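Proteins get letters first, then strands, A, B, ... in listed order; numbering begins at 1 in each. Below, each value reflects all heavy atoms present in this structure, side chains not excepted, and no hydrogens, waters or symmetry copies. Computed from a prediction, not measured in an experiment: that's the story for all the values here.
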Protein chains: 2
Amino acid sequence: MDELRRHIEKIVSLTEDEFIAVKSFFTEKQFKKHRFLIQEGGNATNEFFILKGLVKLYYTNAEGKDHILQFAAEDWWVTDYNAFFNQAAATLNLDCLEDTTVLSISFDGRERLCAEFPKMQYFFLKKSNSGYVALQRRILSLLDGTAAERYAQFRLLYPGLVNRVPKTLLAAYLGVSRETLSRLA
Amino acid sequence: MDELRRHIEKIVSLTEDEFIAVKSFFTEKQFKKHRFLIQEGGNATNEFFILKGLVKLYYTNAEGKDHILQFAAEDWWVTDYNAFFNQAAATLNLDCLEDTTVLSISFDGRERLCAEFPKMQYFFLKKSNSGYVALQRRILSLLDGTAAERYAQFRLLYPGLVNRVPKTLLAAYLGVSRETLSRLA
DNA sequence: GGCCTGATGTGATACAGGTCACAATAAATA
DNA sequence: TATTTATTGTGACCTGTATCACATCAGGCC
């Protein structure tokens, strides 16, 4: 739970009492490797903060091909945000690459948390803003970069993930075939 | 200015007095076609709300090739968000495809506006959240779709822009060459 | 230990889309 | 009105990646 506090305090500071109140909105949960946190067609009523482990968020297209939107390891937030914010059915899948421990917060919980603590609303705003910028960067690398450049960029940006994620999945994140990535590596 | 109020009130409601206070944070500005609102290397101290007109936000790579991150017409917000949020030098360009009127707000202004009106912070949070989801969707269409599919999707999503933006620029947005787009149309 | 499944490498071949080149309008601007 | 400067189309050719097909090797599990 301390991870959450350290994480939040990178942006806003909290008193002891405030943090106790904040953390009451979260529930700790454990998932084994291969378990789903969200499945297409199901609900996505929770957002997850990863305490330990590694998950992948992905879309499976009509031909059964997966495209990975995000990996999330320690200190990352993840959910099917479209489904979460709009309280709609999930179109994405989220499952564990490793045994994973998360803190879970419901949509309503998050709304109440933000209403009660403007600081936390500020925190989520800053997070959302930097997430937006990160996605813009990724779009640019898809528009501008070659497969090799995107791979190099990924290694720079997420050195810790490169040797933790199988190449097949890295390929599904980068938008390259497994075989092509293998020829680059 | 009424456009701004209508736009905000889709998410939070404001009293007359509140709106008067809110709008004092904005300045109206006019730009002619081809004028730059932001240039690479310059500053991006302002965020713009488009009242009238059309702009493009783009990145120019080392070979001089442009990649369009965003078009923004009436009721859209736009800036180089990386530079804006981090108070850093711009890496993107923003210029006018048509004569354009905007409401401009500075970074500091926006921070004070959010601090003073939690409602407005909530507004910006919701906007950022849906922006994030929209970029995820675009990433998926870059990962999954063929050029023709992306074009079809764009027409569905932004029917009003298709005949307002030259095909050359649409191609730079979709990540296809001008020639290929022409053969699809 | 032995078996199965997932991860990775590599060759052969196919194709979507890029690049280059030229032409014809349409639209700004002097 | 005249003169550039954008915009769009289209042919010819090239190339980065996808696909398909095997082969190998490591790790988890019975």
Side-chain angles (χ1 to χ4, degrees), chain A residues 31-36 53-56 58-68 71 93 95-100 140-155 161-185, chain B residues 31-36 53-56 58 60-68 71 93 95-100 139-155 161-185:
Chain A
F31 296 90
K32 296 228 186 77
K33 190 171 173 171
H34 295 133
R35 279 294 151 71
F36 283 85
L54 179 59
V55 300
K56 66 178 204 278
Y58 60 103
Y59 171 72
T60 305
N61 75 9
E63 295 91 54
K65 191 168 180 178
D66 288 348
H67 297 288
I68 297 181
F71 295 110
N93 297 289
D95 67 28
C96 300
L97 299 182
E98 302 174 359
D99 292 355
T100 298
L140 277 183
S141 95
L142 286 167
L143 290 177
D144 193 43
T146 155
E149 287 166 350
R150 267 174 287 155
Y151 182 44
Q153 197 173 317
F154 185 91
R155 283 189 305 199
L161 287 182
V162 179
N163 299 309
R164 203 168 160 189
V165 171
K167 296 283 165 62
T168 310
L169 298 182
L170 235 175
Y173 177 93
L174 294 172
V176 204
S177 73
R178 213 207 83 225
E179 295 91 333
T180 298
L181 182 64
S182 164
R183 284 181 248 261
L184 299 176
Chain B
F31 296 89
K32 296 227 186 76
K33 189 170 174 172
H34 294 133
R35 280 292 152 70
F36 283 84
L54 180 59
V55 300
K56 66 177 202 280
Y58 59 104
T60 305
N61 74 7
E63 297 90 53
K65 193 168 181 177
D66 288 348
H67 297 288
I68 297 181
F71 294 111
N93 298 289
D95 68 27
C96 301
L97 299 181
E98 303 174 359
D99 292 355
T100 297
I139 286 172
L140 277 183
S141 95
L142 286 167
L143 290 177
D144 193 43
T146 156
E149 286 166 349
R150 268 174 287 153
Y151 182 45
Q153 197 173 317
F154 184 92
R155 282 188 307 199
L161 287 182
V162 180
N163 299 309
R164 204 170 158 188
V165 171
K167 295 283 165 63
T168 311
L169 298 182
L170 234 175
Y173 177 92
L174 294 173
V176 204
S177 73
R178 210 210 85 224
E179 295 91 332
T180 298
L181 182 64
S182 164
R183 285 182 247 260
L184 299 177

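Residue A/Thr180 places none of its side-chain N or O atoms closer than 4.0 Å to OP1 or OP2 of D/dT17.
Straight-line distance from the NZ atom of A/Lys56 to the P atom of C/dG6: 11 Å, rounded to whole Å. Remark: P of C/dG17 and CG of B/Leu181 are 11 Å apart, rounded to the nearest angstrom. Between the CG atom of B/Leu97 and the P atom of C/dA28 there is a distance of 12 Å, rounded to whole Å. Taking atom NE2 of B/His67 as the reference point, atom P of C/dG18 lies 11 Å away to the nearest angstrom. The CG-C1' distance, from B/Leu184 to D/dT8, rounds to 14 Å in whole Å. Atom CG in A/Leu174 sits about 12 Å away from atom P in D/dT17, given to the nearest Å. Put simply, CD on B/Glu179 is 13 Å from P on D/dT10, counting in whole angstrom units. Atom C1' of nucleotide C/dG18 and atom CD of B/Glu63 are separated by 13 Å, given to the nearest angstrom.
A cation-pi arrangement is not found for A/Arg150 relative to A/Phe154, the charged atom failing to lie both closer than 6.0 Å to the ring centre and inside a 45° cone about the ring normal.
Considering only heavy atoms from C-beta on, A/Val165 stays 4.5 Å or farther from A/Tyr173 through its side chain.
Residue whose closest nucleotide on DNA chain D sits further toward the 5' end, between B/Arg183 and B/Lys167: B/Lys167. For B/His34 and B/Thr146, each mapped to the nucleotide of DNA chain C holding its nearest heavy atom, the one lying further toward the 5' end belongs to B/Thr146. The 5' end of DNA chain D is approached more closely, in terms of each residue's nearest nucleotide, by A/Gly175 than by the other of A/Lys33 and A/Gly175.
Closest to the side chain of B/Thr168, out of C/dT19, D/dT19, D/dT8, is D/dT8. Here the nucleotide nearest the side chain of B/Ser177, chosen from C/dG18, D/dC20, C/dT8, is C/dG18. Counting only heavy atoms from C-beta on, A/Val176 has its side chain closest to D/dA18 among D/dT10, D/dA18, D/dT7. For B/Ser182, the listed nucleotide lying nearest its side chain is D/dG9; candidates were C/dT10, D/dG9, C/dA7.
Pairing each heavy atom of A/Asp99 with each of A/Lys33, the nearest pair is OD1-N, 2.8 Å.
With hydrogens and angles ignored, no donor-acceptor pair closer than 3.5 Å exists between the side chain of B/Arg178 and the base of C/dG18.
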Item to check | side-chain contact (heavy atoms from CB on, under 4.5 Å) assessment of B/Tyr151 paired with B/Val176 | outcome: CA-CA 9 Å; B/Tyr151 182 45; B/Val176 204; over 6 Å; no
Next on the checklist: Before you tell me yes or no, could you show the steps for B/Leu170 and B/Leu161 under side-chain contact (heavy atoms from CB on, under 4.5 Å), namely the whole-Å CA-CA distance, both residues' side-chain angles and the distance that decides it to 0.1 Å?
Outcome noted: CA-CA 9 Å; B/Leu170 234 175; B/Leu161 287 182; over 6 Å; no
